[in-house]
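Structure first, commentary second.
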There are 2 protein chains.
Amino acid sequence: MKPSAQAKETPQSHSDCNATPLGRAIHLLGDSWILLIITNLLQGSMRFNILRAELGHISSKTLTSRLKLLEELGFVQRRAFLEIPPRVEYHITEKGQELGEVIAALEKFGNKHLSNPPIVESGDCAFTSDDIPL
Amino acid sequence: MKPSAQAKETPQSHSDCNATPLGRAIHLLGDSWILLIITNLLQGSMRFNILRAELGHISSKTLTSRLKLLEELGFVQRRAFLEIPPRVEYHITEKGQELGEVIAALEKFGNKHLSNPPIVESGDCAFTSDDIPL
DNA sequence: CAGGATCCGATCGGATACTG
DNA sequence: CAGTATCCGATCGGATCCTG
């Protein structure tokens, strides 16, 4: 049959909505913004615009969506103060802090193998010779 | 046509000034395919099409570009056997194996916080928050 | 100030066809 | 079998405008 029907909720999940926890983790962390946001929040709660500034140039749209996702997942908590002007602080939760371990692993790895020039354009260890394994 | 001035297909989205190793790591790992490929290769070398099958439905184009990047970074080694039909095996390098630690952290995290039934809701693969905020 | 709604361009990524 | 080139649609994300 031809699934021409528009899948309303069948998104861009190229790598099938992995049924495994690792798969989901990979999918979640497979987003630079998520990691960046967590990294920043790990250093302390901050307001929307501050966080936005920290992240460089991220549109409010993007930041909002990521924050919303993280909030739904319970990794970040949103605290809105009903006052004027509005104040909203985002802070990491216990669960979220555990992402710190992943970040740490990432950092460790980065320091070890990605400290030098990220310039990797052509021919590195590329040998297309007849090299026989074992 | 003159495809000599072809743009690099380095998975780069936003131009976050990746001056830091962590930034670069985040950027690198901020790609689901990269993580997925490494995860698979960590379990043993495999041939192009096998790997492709393992990954589900990834186009040769995409797989090739990721593999190329990983090779340039020295995380994966490509071994081509000059024979017919062609045989190419990809296997992880020492450096690449260290990504295993990141994967492990990810897996640990996933098992701890993302192992429950997924509920389809927001856009992509859905995640469940076993701990719903407020 | 926080963030929702739109418009729209840049990019990604899959399908297909072709080569060695 | 491995990989490349091209076409093109789906998605992302930034810019902008607007509201509470």
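Throughout, protein chains are lettered first and strands after them, A, B, ... in sequence-line order, and every chain is numbered starting at 1.
In this entry the distance linking CG of A:Leu55 with P of D:dG14 reads 10 Å, nearest Å. Distance, B:Asn49 CG to D:dT4 C1': 14 Å, rounded to whole Å. The CG atom of B:Leu69 sits 12 Å away from the P atom of C:dC12 (whole-angstrom rounding). The CG-P distance, from B:Leu63 to C:dG13, rounds to 12 Å in whole Å. Rounded to whole Å, the distance from CZ on A:Arg52 to C1' on C:dG3 is 9 Å. Rounding to whole angstrom units, NE2 of residue A:His27 and P of D:dT11 are separated by 12 Å. Distance B:Ile58 CD1 to C:dA15 P: 11 Å, rounded to the nearest Å. Put simply, CD1 on B:Ile84 is 14 Å from P on D:dC1, counting in whole angstrom units.
Closest to the side chain of B:Ser60, out of C:dG14, D:dG13, C:dT16, is C:dT16. Listed nucleotides: D:dA5, D:dG14, C:dG20. Nearest to the side chain of B:Lys61: D:dA5. Distance from the side chain of A:Ser59 is smallest for D:dG14 among the nucleotides C:dG3, C:dC1, D:dG14. The side chain of A:Phe48 lies closest to C:dA2, out of D:dC1, C:dA2, C:dG4. Among D:dA2, C:dA2, C:dG13, the nucleotide with an atom closest to any side-chain atom of B:Arg66 is C:dG13. The side chain of A:Thr62 sits closest to D:dG14 out of D:dA2, D:dG14, C:dA2. Of the candidate nucleotides D:dG14, C:dA2, D:dA2, D:dA2 has the atom nearest to the side chain of B:Pro86. Closest to the side chain of A:Arg78, from the set C:dA2, D:dA2, D:dA5, is C:dA2.
A:Arg52 places a side-chain N or O within donor-acceptor distance of the main-chain N or O of A:Ile58, the cut-off being under 3.5 Å. Checking side-chain atoms of A:Arg66 against main-chain N and O of A:Trp33 turns up no donor-acceptor pair under 3.5 Å.
Within a 6.0 Å radius of CZ in A:Arg87, other residues, nucleotides and ligands contribute more than 12 heavy atoms.
With contacts defined as side-chain heavy-atom distances shorter than 4.5 Å, the pair A:Phe81/A:Glu89 qualifies.
When heavy atoms are screened at a 4.0 angstrom cut-off, B:Tyr90 is found touching the sugar-phosphate backbone but no base atom.
The side chain of B:Arg47 places an N or O atom within less than 4.0 Å of a non-bridging phosphate oxygen (OP1 or OP2) of D:dA2. Phosphate proximity of D:dT4 to B:Lys68: present, with a side-chain N or O under 4.0 Å from OP1 or OP2.
Pairing each heavy atom of B:Met46 with each of B:Asn40, the nearest pair is CE-O, 3.5 Å.
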